[in-house]
Amino acid sequence: MDTPNPASPSPTPSKGSIPNLADWRFNRYLTMQLMPLFYLLLILGALVVVVGIVGICFWFSTLAGIIAAGIAPLAFLVIVAVIRAALEYMIMAHRIMRIIERMDALPNQVADLSVRVDGITDHVDRLTHHVDDIHETLMHVQPLLRSAGLPSRLLNALKPPGKR
């Protein structure tokens, strides 16, 4: 089964406030986009649970309700801290998963790179052969050029008039 690719666009973009909600193929991860909404809903759910427990305690007895109302803020803060830690753990796991997906793509990229390096190596080999041919030709022509004195005449012609 293929893992979803967060870099690829959704085949059917939605026009709602939350993009890619109608992506039935799961080509994009929606988790990170919905994380603030999840956080808010979980905090509201925790608040409802804590207030509900305090209400039930008041229903049983006033003393139990007062004790529960005193403990409720601390319990709510602990619940919110646990929710926050769990969501941060999910974010960390999501980021690690994206890194692993990128690492999975490396072998294909390296294979393509080796093909390119092989092509460059072929070009360098051809250039080396051309340079060798030019060198060999110059070695054959060198005695002729020396006997004619052409290189020294060319060098003297290129020098400024005061240094001749």
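Quantities reported herein were computed from a predicted structural model and do not represent experimental measurements.
A continuous path of ILVMFWY side-chain contacts below 4.5 Å connects Leu47 to Ile79, so both sit in one hydrophobic cluster. In the hydrophobic clustering of this structure, Val50 groups with Ile43; members are Ile, Leu, Val, Met, Phe, Trp, Tyr whose side-chain heavy atoms approach within less than 4.5 Å, directly or through other members. At a threshold of 4.5 Å between side-chain heavy atoms, the hydrophobic network of Ile, Leu, Val, Met, Phe, Trp and Tyr places Val54 and Phe76 in two separate groups. Cluster membership for Leu42 and Ile91, using ILVMFWY side-chain heavy atoms within less than 4.5 angstrom, is shared. A chain of hydrophobic side-chain contacts below 4.5 Å, direct or via other Ile, Leu, Val, Met, Phe, Trp or Tyr residues, connects Leu41 to Leu34.
Between Leu127 atom CG and Asp122 atom CG the span is 11.0 Å, to the nearest 0.5 Å. Residue His94 holds its NE2 atom at 5.5 Å from CZ of Arg98, rounded to the nearest 0.5 Å.
Counting only heavy atoms from C-beta outward, the side chains of Ile66 and Phe58 approach each other to under 4.5 Å. Side-chain contact between Val80 and Tyr39: present, with at least one pair of heavy atoms (C-beta onward) separated by less than 4.5 Å. Two residues are said to be in side-chain contact when any heavy atoms from C-beta on lie closer than 4.5 Å; Met90 and Met35 meet this criterion. Residues Arg126 and His123 are in side-chain contact: their nearest non-hydrogen atoms beyond the backbone lie under 4.5 Å apart.
Contact detail for Ala64 and Cys57: the closest heavy-atom pair is O-CB, 3.6 Å. Counting all heavy atoms, side chain and backbone alike, Pro73 lies closest to Gly70 at CD-O, 3.5 Å.
Remark: of the listed residues Met103, Met97, Glu101, Met103 is the sole one forming a side-chain contact (heavy atoms from CB on, under 4.5 Å) with Ile99.
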